[in-house]
Amino acid sequence: MYYEPGEGAGHKAAGLPHSPFTAIVGPRPIGWISTQDREGRVNLAPFSYFNGVCSAPPMVIFASNGNHGREGQPGPAIKDTLANVRETGEFVVNLATWELREQMNLSSAPAPRGVDEFEFAGLAKAASNAVKPPRVAASPVHLECKLVQVVELPAHEASNTLNNLVIGRVVGIHVRDDLIDNGRVSIAKVRPLLRLGAFDYGFIESVFEIKRPKWPLDGKAS
Ligand SMILES: Cc1cc2nc3c(=O)[nH]c(=O)nc-3n(C[C@H](O)[C@H](O)[C@H](O)COP(=O)(O)O)c2cc1C
């Protein structure tokens, strides 16, 4: 089949209730992001348009899209996470795991600015080292980040949406000690959640290894 996404609903015209785009570009890791506004009010929300983009120095990206549950109301409303990152320049990425799936999902509710999602999701906080926003204590891995840049992306003109790409530099990394096996992080032990299309998720439970080729290839080229 072929369809053009157009202003967003092209998949519906093609007879598909859910956009295939998020199923195709996946699985995606989930950046479960804690922030604070300049008054110190804490916020937590998941973002699956999230990834690492550089190792030296380590950097991550996430995209804040849409209009904070205000469809049909006048004027775009940016998400609390983006507003806080713009105000304070700091955020923490908490690893969203299989055990924390319900709390992660609860924290995505479009609560008004200033409402602390840690509280209604029943999550304890742990203090961070290099930044002010707290960490999700039950999460086994955290990346403490400082804002590098916010890049404004195109958005549909007809709707009140905003798309912004946040780039952050990782300045502190926490890994729970029992996850380190022979000097490597055994990530499959904590089963990180992966976002797929529609309402689907996956998780990592096994890994395999492939070493990169050297040049010249093993007797096959010169
Ligand atoms: C698994 C998952 C992934 C999500 N990914 C994104 C995303 O990549 N970008 C986005 O803008 N919203 C995403 N959302 C929706 C936000 O979490 C939601 O809009 C939330 O209310 C934003 O909170 P905030 O206003 O406190 O920042 C996702 C929700 C879930 C459950």
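Ligands are counted one by one from 1 in listed order, and the atoms in each one are counted from 1 as well. All figures in this text were calculated on a predicted structure; none of them were measured in a lab.
In this structure, the side chains of V150 and L147 come closer than 4.5 Å at one or more pairs of heavy atoms.
Less than 4.0 angstrom separates some heavy atom of S64 from each of these atoms of ligand 1: 11 (O). Listed by atom number, the atoms of ligand 1 under 4.0 Å from R195 heavy atoms are 1 (C). Ligand 1 places these atoms under 4.0 Å from at least one heavy atom of P110: 21 (O). Less than 4.0 angstrom separates some heavy atom of T81 from each of these atoms of ligand 1: 24 (P), 27 (O). Near Y201, meaning under 4.0 Å from any of its heavy atoms, are these atoms of ligand 1: 1 (C), 31 (C).
Between the side chains of D37 and N84, no donor N or O sits under 3.5 Å from an acceptor N or O. If you check the side chains of W32 and S139, you find no donor sitting under 3.5 Å from an acceptor.
For ligand 1, none of its N or O atoms has an N or O atom of A45 under 3.5 Å away. Here's the thing with N65: one of its N/O atoms is less than 3.5 angstrom from an N/O atom of ligand 1. Below 3.5 Å of separation, one finds an N or O of S48 facing an N or O of ligand 1. Here's the thing with S108: one of its N/O atoms is less than 3.5 angstrom from an N/O atom of ligand 1.
With a heavy-atom cut-off of 4.0 Å, N105 touches ligand 1 through its side chain alone. At a 4.0 Å heavy-atom cut-off, ligand 1 touches N43 through the side chain alone. Using a 4.0 Å cut-off between heavy atoms, A63 contacts ligand 1 through its backbone alone, with no side-chain atom that close. At a 4.0 Å heavy-atom cut-off, ligand 1 does not touch F62 at all. Residue contacts with ligand 1 for K79 involve both N, CA, C or O and side-chain atoms from C-beta outward (heavy atoms, distance under 4.0 Å). By the criterion of a heavy-atom distance under 4.0 Å, the side chain of E117, and not its backbone, is placed next to ligand 1.
Considering CD1 of I78 and CZ of R86, their distance stands at 5.5 Å, rounded to 0.5 Å. In this structure, the separation between CG on L95 and CG on L100 is 8.5 Å, given to the nearest 0.5 Å.
For atom 28 (C) of ligand 1, the choice among P46, G114, A83, A109 with the nearest heavy atom turns out to be P46.
Note on E99 versus R101: no salt bridge recorded, every NZ/NE/NH1/NH2 to OD/OE distance being 4.0 Å or above.
For F199 and H18, the distance between ring centers is under 6.0 angstrom. In summary, the aromatic rings of F47 and F62 are positioned with their centroids under 6.0 Å apart.
Across every non-hydrogen atom of V190 and L179, the tightest pair is CG1-CD2, 3.4 Å.
A cation-pi contact links R195 to Y201, judged by a cut-off of 6.0 Å to the six-membered ring centre and 45° from its axis.
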